[in-house]
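The first residue of the sequence shown is numbered 1, and numbering continues consecutively from there.
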Amino acid sequence: MRIILLVFILIIFQMPVFSSVSEYIDSFTDCCENESYTALKNAIKGGAVISDIEKQSIIDKEISSELESRFIYTDLENCIKIALEGNYDIQIQDAHKLEAYWLNKNAQFQLLPNILYNFDIQNLEGQYLVGGIVATTTHEVPIQSFFIAEWSTINQGKYFFYLAQTRNLLKSSRANLEFTKDEIILNTVHSYYDTLAKKLEIEVQKVNLYDRVEQLKYTQARFETGLGTLYDVKRAQAEVAGAQQDYTATLNSFRLQQAALANVLGVDILDAIYPFEIKVDKRQLIDPGYSIEDLYKQALESREDIKAKKAEIDAYRAIRNANYSDIIPAVTVSYQNGYVGTKRAGMSPHNSITLDIRAGLGKNILMGTITQLKADSAVVKQKKLELINLQRQIKEDILSSYYDSLNALKKIDAAEVEVEAANTSLDLSLTNMKAGEATFIDVIASQNLKVKANLNLIKNMIEYNKAQTKLLFDIGVISPKNVLKDYKTKFY
């Protein structure tokens, strides 16, 4: 009779069944604490059959009200787009790449000569020795005006080494930028799933709180009619208080996670990002037929950080090899074209070409060159070891993500069985208590099992999806397309 009455109330107030995201947002924006909202709220507690979207609308409004935040609805696809455009780590790395680009351009243009203009004028007045013997008095204003072109040819060959260094540093910075984007995609997915997990946990805790309140009402009614005990009532009150604490703690964790997600996206930390999904399903992103060795080989070919480290090694190798040019002669050619003269005698044209060749035995009688070569060789060795260490870490990460996926998959299967059994157990315990064949302690145990089972299922689903995404990242093939494979916002 109660269910029929509630359904009748729903029909009277014409609660909408939302068919699109826009309709849902409009409904949320226009919502207030009215009679139809209260009816739906009571429908959850009373067990009336309502749609998932109507149920979701109730919970979203309550969460928004309790957090005093206006939610910004989004999904995983939109979050990735926002992060790739607004994340500050990407912008910083892009600035590094721009610096490397112009340093490389600077190296290319160093082969060009220097062009300069020189103007010199003096006022000479007084006695001067002529031939170091005869003193003479003079007043002259000598003037020089020259255009000068000076070319240091290949600067002992250092030009080619510097060019190779900056070219490889540019290659490294480009790879680092792409790797940063990969990291941000991974961080966005993980942060989004963590936020979604907290949202779903809130819903479990909210329903649990509703259930505890109903159980308290039932035990109070039994006590008042002489069928129950005061112990049952007090225990039920304690369970309600505990459920309220769990719900409040989860609310707080959710708000902090919203801020973490906003930070990854590069938007205002105060923006309350809110996932559209009302459920989470496991999403297989990596073919389970691949072995760890297969995945590692893929990583060696695709990882951008490996490419960046190899280019960095080549850059430091060029720096080391530049030391050999210390024993190559330095050739400088300069050309002057201009006028010389005095204010009194006038100006006369003057042209000159100078070839300057300097040969030295390295720096500091070659000892400076040798010691610098040894130091630069040690840096190259260090960078090579860093590459080996990076590759070993990548292989460990692949193994970890691989087995995390397998483990989460097995736990999902067990959790699904646990949820079904827990729901049935709770129904049976309530039925048996009404029949006098079970105690309220049995109901409490069944209720706890139900909450634990639902939270475990959410946790294992999230862990599997995060592990699959991490595996994409570990082997270097993470991208919006691969991450969003078969992705559909779970909005009904």
Side-chain angles (χ1 to χ4, degrees), residues 28 31 37 40-41 44-45 52-76 79 188-216 236-265 269-281 408 411-412 415-416 418-419 422-423 426 444-466 490-491:
F28 183 89
C31 175
Y37 171 49
L40 276 173
K41 183 175 176 182
I44 288 183
K45 296 188 293 183
D52 287 335
I53 191 60
E54 289 170 330
K55 183 177 179 180
Q56 189 65 38
S57 175
I58 296 169
I59 296 175
D60 289 355
K61 293 179 182 77
E62 290 194 4
I63 295 173
S64 177
S65 175
E66 289 163 341
L67 289 175
E68 298 181 352
S69 300
R70 184 178 178 84
F71 292 149
I72 299 175
Y73 285 83
T74 188
D75 60 9
L76 180 58
C79 281
T188 300
V189 173
H190 279 198
S191 188
Y192 181 85
Y193 275 133
D194 287 339
T195 307
L196 176 59
K198 290 298 179 184
K199 173 194 171 183
L200 298 177
E201 287 175 19
I202 287 175
E203 295 169 7
V204 171
Q205 298 291 0
K206 171 63 75 175
V207 173
N208 177 51
L209 183 57
Y210 286 154
D211 289 342
R212 299 294 190 181
V213 171
E214 291 303 307
Q215 290 165 11
L216 174 58
Q237 289 175 342
E239 293 297 327
V240 170
Q244 181 63 59
Q245 292 180 65
D246 291 340
Y247 178 66
T248 302
T250 308
L251 273 177
N252 182 64
S253 297
F254 175 67
R255 188 65 189 95
L256 297 180
Q257 185 55 49
Q258 283 182 311
L261 177 57
N263 195 28
V264 174
L265 301 185
I269 303 299
L270 298 179
D271 288 346
I273 309 299
Y274 196 78
F276 267 126
E277 279 96 331
I278 63 176
K279 62 179 295 188
V280 59
D281 293 325
K411 290 196 293 185
I412 287 172
E416 287 175 340
E418 184 183 23
V419 168
N423 290 334
L426 179 59
I444 291 175
S446 298
Q447 181 69 29
N448 290 336
L449 182 61
K450 174 187 174 182
V451 174
K452 177 177 174 290
N454 280 281
L455 292 178
N456 281 341
L457 181 58
I458 293 170
K459 177 184 175 183
N460 294 330
M461 287 284 192
I462 295 295
E463 283 184 355
Y464 177 75
N465 291 345
K466 288 173 65 175
K490 296 301 180 182
F491 181 88

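Side-chain N/O atoms of Y247 and N208 include no donor and acceptor closer than 3.5 Å. Remark: the S191 side chain and the Q257 side chain contain an N/O donor-acceptor pair separated by less than 3.5 Å. Y192 and E277 share a donor-acceptor pair across their side chains, judged by distance under 3.5 Å alone.
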Would E203 and K206 count as a salt bridge (charged side-chain N to carboxylate O under 4.0 Å, His left out) if you check the C-alpha gap in whole Å, the side-chain angles of each, and the deciding distance to 0.1 Å? CA-CA 5 Å; E203 295 169 7; K206 171 63 75 175; over 6 Å; no

Show the numbers, then the answer: is there a side-chain contact (heavy atoms from CB on, under 4.5 Å) between F71 and I63? CA-CA 9 Å; F71 292 149; I63 295 173; 3.5 Å; yes

I'd like to know whether K450 forms a salt bridge (charged side-chain N to carboxylate O under 4.0 Å, His left out) with E418, so could you lay out the CA-CA distance, the side-chain angles of the two residues, the decisive distance to 0.1 Å, and finally the verdict. CA-CA 8 Å; K450 174 187 174 182; E418 184 183 23; over 6 Å; no

Take Y464 and Y193 through the test ring-ring contact (aromatic ring centres under 6.0 Å, His included) and record every step on the way to the result. CA-CA 11 Å; Y464 177 75; Y193 275 133; over 10 Å; no

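Using a distance-only test at 3.5 Å, with no hydrogens or angles considered, a donor-acceptor pair links the side chain of S69 to the main chain of L67. Side-chain atoms of Q205 never come within 3.5 Å of backbone atoms of D246 as a donor-acceptor pair (strictly under, hydrogens ignored). Distance alone, capped at 3.5 Å, places no donor-acceptor pair between the S64 side chain and the D60 backbone. A donor-acceptor distance shorter than 3.5 angstrom exists from the side chain of N423 to the backbone of V419, with no hydrogens or angles considered.
Heavy atoms only, all atoms of each residue included: T74 and C79 are closest at CG2-SG, 3.6 Å. Of all heavy-atom pairs between K198 and T250, the closest is O-CG2, 3.9 Å. Residues N460 and A408 approach most closely at O-CB, 3.9 Å, considering heavy atoms. Pairing each heavy atom of N465 with each of D281, the nearest pair is ND2-O, 3.0 Å. Closest approach of A243 and L209 over heavy atoms only: CB-CD1, 3.9 Å. When all heavy atoms of L426 and Q215 are compared, the closest pair comes out as CD1-NE2, 4.4 Å.
Put simply, CZ on F254 and NZ on K199 are 7.5 Å apart, with the number rounded to the nearest 0.5 Å. A distance of 10.5 Å separates CG of L261 from CD1 of I72, quoted to the nearest 0.5 Å. To the nearest 0.5 Å, atoms CG (L200) and CG (N454) are separated by 10.5 Å. Separation of atoms CG (L76) and CG (L196) is listed at 9.5 Å; rounding is to 0.5 Å. To the nearest 0.5 angstrom, D211 atom CG is 12.5 Å from L216 atom CG. Of the inter-residue distances, the one linking E239 atom CD with R212 atom CZ reads 4.5 Å to the nearest 0.5 angstrom.
Counting non-hydrogen atoms of other residues, nucleotides and ligands closer than 6.0 Å to NZ of K411 gives a total above 12.
When the options E62, E66, E201 are evaluated for a side chain to side chain contact (heavy atoms under 4.5 Å, CB included) with L251, the one that passes is E66.
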